[in-house]
Number of protein chains: 2
Amino acid sequence: MKKIASLPLVYLIQKNSKQEYSINNVKKPQQNTILDIAEALKLSPATISRALNNHPYVKEKTKKDVFEMAAKLGYRRNQMASGLRSNKTNTIGLIVPRISMFFHAEVITAIQNSLHSYGYNLIICQSNDSLDLEMELADTLFSSRVDALIVACTLQTLDCSHFDKLIENGTPVIFYDRVPTGYDKASIVKGDDFNGGYIATKKLIEAGCKKIAHVSGPLTSNLYLDRHAGFLKAMEAHKLAINPDWLFHQELTTGNAERAMRQMFDGDDRPDGIFTDNDTTAIAALEFAKAQQIHVPGQLKIVGYSNDPRTSISSPSITSVEQFPDAVGKKIVNVLIDLLKNNAENLVKTGVFTIPVELISRASTGVNK
Amino acid sequence: MKKIASLPLVYLIQKNSKQEYSINNVKKPQQNTILDIAEALKLSPATISRALNNHPYVKEKTKKDVFEMAAKLGYRRNQMASGLRSNKTNTIGLIVPRISMFFHAEVITAIQNSLHSYGYNLIICQSNDSLDLEMELADTLFSSRVDALIVACTLQTLDCSHFDKLIENGTPVIFYDRVPTGYDKASIVKGDDFNGGYIATKKLIEAGCKKIAHVSGPLTSNLYLDRHAGFLKAMEAHKLAINPDWLFHQELTTGNAERAMRQMFDGDDRPDGIFTDNDTTAIAALEFAKAQQIHVPGQLKIVGYSNDPRTSISSPSITSVEQFPDAVGKKIVNVLIDLLKNNAENLVKTGVFTIPVELISRASTGVNK
DNA sequence: TTGTATGCGTTATCAC
DNA sequence: GTGATAACGCATACAA
């Protein structure tokens with residue numbers, strides 16, 4: 001799938017400018033620069049620059065004067081000039097399918113707060129789960145010369161070569177959540193999806209389920225592949241038969257979930273337990289069951305994934321797998337800071353870091369514990 | 001509250017650089033520049049620049065050659081150099097309390113998609129509802145010389161003077177959702193909170209409630225002030241008495257909501273209807289009622305605000321006020337594009353734009369309709 | 001400890 | 001249509 005070729009580079013370059021040529025007639029008022037400070041203090045611009053950057057070879061008194069004058073003049077460093085000169089932006093880019101997904105929102109918050117403590121800024125971009133947009137954003141962020149890039153891929157991202165450009169340029173890239181397979185140029189932070197699938201299924205089994213379905217995401221994504229492997233392992237370990245009619249590998253939307261439910265509950269042979277790869281699907285399954293008068297957890301037990309806030313609000317509340325987004329976010333930043341340091345030594349290492357998951361037991365799998 | 005003074009400018013300037021002085025020893029590989037393209041094509045850099053920017057006075061053939069060579073060399077415009085020279089970044093900044101709030105996530109998505117169609121990029125920043133961080137972010141985004149700034153303020157933002165710097169510099173600022181009062185230097189896009197409060201309360205009244213409580217946010221925010229005014233208006237219009245013990249103006253957290261509920265349902269005189277200023281509070285009220293065996297909607301009816309996805313999942317589902325985040329986001333961008341155009345004519349106008357709201361009736365106010 | 005001079009990559013103003 | 005050149009604001013090598 002040589003998708004790259006279909007989106008001409010020319011287009012990408014043009015995107016950064018306006019489609020139509022336009023004369024820049026905006027007259028912005030003059031900014032204060034280090035020259036203004038230099039002039040006011042009868043010092044050279046170089047000294048001002050050094051003082052503002054806390055350079056060791058500047059007299060304390062001078063620093064003090066400079067900061068005071070800077071404050072007085074309302075000076076703010078011009079990030080573009082600074083970045084252009086020093087080849088550093090102190091800015092990290094982030095590409096995520098959608099910020100409205102609970103897990104991502106939490107990870108992003110953790111990342112931002114952690115980066116902030118290291119003095120980095122974060123540019124957050126949404127790919128809307130579109131590969132084309134993801135490619136365009138990678139380009140834009142490269143254009144902005146971010147110091148590093150954090151990516152949660154779209155479901156269609158099988159080929160990651162649009163990140164090559166950044167990596168070749170020495171810009172570290174870190175993937176999390178949805179992670180490409182067979183791309184070894186970047187570090188990876190991910191949840192323990194195999195174990196997540198395993199403990200979710202085990203819970204259903206221990207709650208007495210014998211006929212367990214798995215409504216999974218597309219197996220093109222490592223995420224769902226691993227969860228499914230965990231599911232299979234648990235089933236095998238407990239010598240339970242797998243009914244192929246109860247395995248679904250599809251985008252995890254409400255519509256797809258309803259269709260899957262209808263299919264499974266159409267005939268006489270019905271599952272008594274369902275493991276779903278996200279909570280939206282779990283909720284859809286629950287709604288379906290309620291509408292069909294199928295008692296949960298009496299006749300059907302359900303386990304979801306992600307521990308979305310909605311799972312604790314539904315009736316019955318839904319057992320789900322907690323992914324600790326906060327830990328994921330912090331780990332990402334740790335790895336990133338390491339990479340940025342190592343990078344300085346021209347020693348970019350890559351690695352895979354796995355964050356543990358935990359089952360949160362709720363009413364949808366019967367009495368707790 | 002002269003909070004500004006407490007956060008010295010010096011600090012803000014320093015924040016943009018690392019706390020410690022460090023030598024930049026990162027050797028990034030050489031980038032391709034327009035000079036490389038110029039050399040390859042035996043043209044001048046000026047022509048390359050013009051071609052890439054779709055300047056009218058460039059031969060079509062030349063443009064074609066330039067784009068092809070750019071693609072071949074994997075050229076990407078350096079945003080910093082371009083921005084430094086042209087004084088435009090094609091980037092819009094956004095500051096929001098938290099992206100994990102449903103309403104904000106939806107607004108941001110709409111803004112980004114709309115801006116994208118105009119060729120602008122979006123930098124999303126979270127203030128974590130901290131005024132200090134909001135101030136710092138305003139500074140950082142000014143440092144980045146964003147072309148415009150979109151802000152949803154924190155609850156503590158009473159004084160907006162930290163945005164003056166941007167506005168004086170000719171950078172348009174637009175507020176939405178939480179909007180400062182008495183700050184006329186910026187445009188405002190907001191929901192019709194007065195009407196929202198009115199129709200929410202009216203719904204309770206028409207459903208038969210006589211004793212209605214309002215669990216509101218702090219009245220320092222225009223948002224909650226307007227909703228409360230709508231509440232009062234509806235009560236007055238229907239000649240219902242207002243019990244001061246059933247009015248709460250507090251941060252809209254689950255904990256605060258539970259406390260308010262306990263207080264109201266402690267004695268014998270209990271409300272039969274509750275209007276809450278967000279859905280988190282509505283859900284907390286519902287949970288409290290369920291725990292206390294108070295039947296909803298039989299003994300108590302509830303209306304929330306924002307139409308959070310959770311309101312349709314709870315049992316019973318909760319009536320809420322829809323704010324049409326998509327429309328809000330699109331309006332913001334419309335206003336912004338206008339401002340950027342007007343700005344070019346040195347004619348920055350400001351205005352207030354109100355987006356209608358709509359009541360979504362659900363089970364918590366009794367039979368639908 | 002400070003000053004001088006140079007260049008980062010691009011775009012705008014001239015000139016041709 | 002295109003080329004030569006200067007300038008954007010800052011950080012650094014080198015000189016003092």
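Just so you know, these numbers use all the heavy atoms, side chains as well, and skip hydrogens, waters and symmetry mates. Order of the sequence lines sets the chain letters (A, B, ...), proteins ahead of strands, with each chain counted from 1.
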Enquirer: Not counting sequence neighbours, which residues clear side chain to side chain contact (heavy atoms under 4.5 Å, CB included) with Asp36(B)? List them please.
Expert: Asn32(B), Thr33(B), Leu73(B)

Enquirer: For atom NZ of Lys330(B), decide whether the heavy atoms of other residues, nucleotides or ligands shown that lie under 6.0 angstrom number more than 12.
Expert: no

Enquirer: Check the phosphate of dT13(C) against Tyr57(B), side-chain N and O only, distance under 4.0 Å to OP1 or OP2. Yes or no?
Expert: no

Enquirer: Contact class for Ser49(A) vs. all strands (heavy atom < 4.0 Å): base, sugar-phosphate, or nothing?
Expert: base

Enquirer: What's the NZ-C1' distance between Lys88(B) and dT10(C), to the nearest Å?
Expert: 14 Å

Enquirer: Lys64(A): which residues meet the salt bridge (Lys or Arg N to Asp or Glu O under 4.0 Å) condition with it, sequence neighbours left out?
Expert: Glu68(A)

Enquirer: Is there a side-chain polar atom (N or O) of Thr62(B) under 4.0 Å from OP1 or OP2 of dT2(D)?
Expert: yes

Enquirer: Measure the distance from CG on Leu41(A) to P on dT1(C) and round it to the nearest whole Å.
Expert: 18 Å

Enquirer: Given atom CE of Met80(A) and atom P of dG9(D), what is their separation to the nearest angstrom?
Expert: 9 Å

Enquirer: Can you tell which of dT10(C), dT1(C), dG9(D) lies closest to the side chain of Lys59(A)?
Expert: dT1(C)

Enquirer: Suppose we screen for ring-ring contact (aromatic ring centres under 6.0 Å, His included). Which residues come up paired with Phe142(A), at least two apart in sequence or across chains?
Expert: none

Enquirer: Would you say a side-chain N or O of Asn53(A) is under 4.0 Å from OP1 or OP2 of dA11(D)?
Expert: yes

Enquirer: Tell me the interatomic distance from Ile34(B), atom CD1, to dT5(D), atom P, rounded to whole angstroms.
Expert: 16 Å

Enquirer: Taking only residues two or more places apart in sequence or in another chain, which ones pass side chain to side chain contact (heavy atoms under 4.5 Å, CB included) with Asn334(A)?
Expert: Tyr118(A)

Enquirer: If I take atom CZ in residue Arg145(A) and atom C1' in nucleotide dG9(C), what distance separates them, rounded to the nearest angstrom?
Expert: 9 Å

Enquirer: Quick one: His55(B) NE2 to dA12(C) P, roughly how many Å, whole number?
Expert: 8 Å

Enquirer: Look up atom CD1 in Ile92(B) and atom CG in Leu336(B), then write down how far apart they are to the nearest 0.5 Å.
Expert: 4.5 Å

Enquirer: Rounded to the nearest Å, what distance is computed from the CD1 atom of residue Ile37(A) to the P atom of nucleotide dG9(D)?
Expert: 13 Å

Enquirer: Tell me yes or no: between the side chains of Thr154(A) and Thr157(A), is some donor less than 3.5 Å from an acceptor?
Expert: yes

Enquirer: Send over the distance from Leu84(B) CG to dA6(D) C1', rounded to a whole Å.
Expert: 13 Å

Enquirer: According to a strict under-4.0 Å criterion, is Thr33(A) in side-chain N/O contact with OP1 or OP2 of dC8(D)?
Expert: no

Enquirer: Which angle, rounded to 10°, do you find between the first-five-pair axis and the last-five-pair axis of the helix from dT1(C)-dA16(D) to dC16(C)-dG1(D)?
Expert: 30°

Enquirer: Could you pull out the protein-nucleic contacts involving nucleotides 3-7 of chain C (nitrogen or oxygen on both sides, under 3.5 Å)?
Expert:
residue : atom : partner  : partner atom : Å
dG3(C)  : OP2  : Ser44(A) : N            : 2.8
dG3(C)  : OP2  : Ser44(A) : OG           : 3.0
dG3(C)  : OP2  : Thr47(A) : OG1          : 2.6
dG3(C)  : N7   : Arg50(A) : NH2          : 2.6
dG3(C)  : O6   : Arg50(A) : NH1          : 2.9
dG3(C)  : O6   : Arg50(A) : NH2          : 3.4
dG7(C)  : N2   : Arg85(A) : NE           : 3.2
dG7(C)  : N2   : Arg85(A) : NH1          : 3.1

Enquirer: Between CG of Leu141(B) and OG1 of Thr91(B), what distance do you get to the nearest 0.5 Å?
Expert: 10.0 Å

Enquirer: Is any side-chain heavy atom of Asn128(B) closer than 4.5 Å to a side-chain heavy atom of Thr109(A)?
Expert: yes

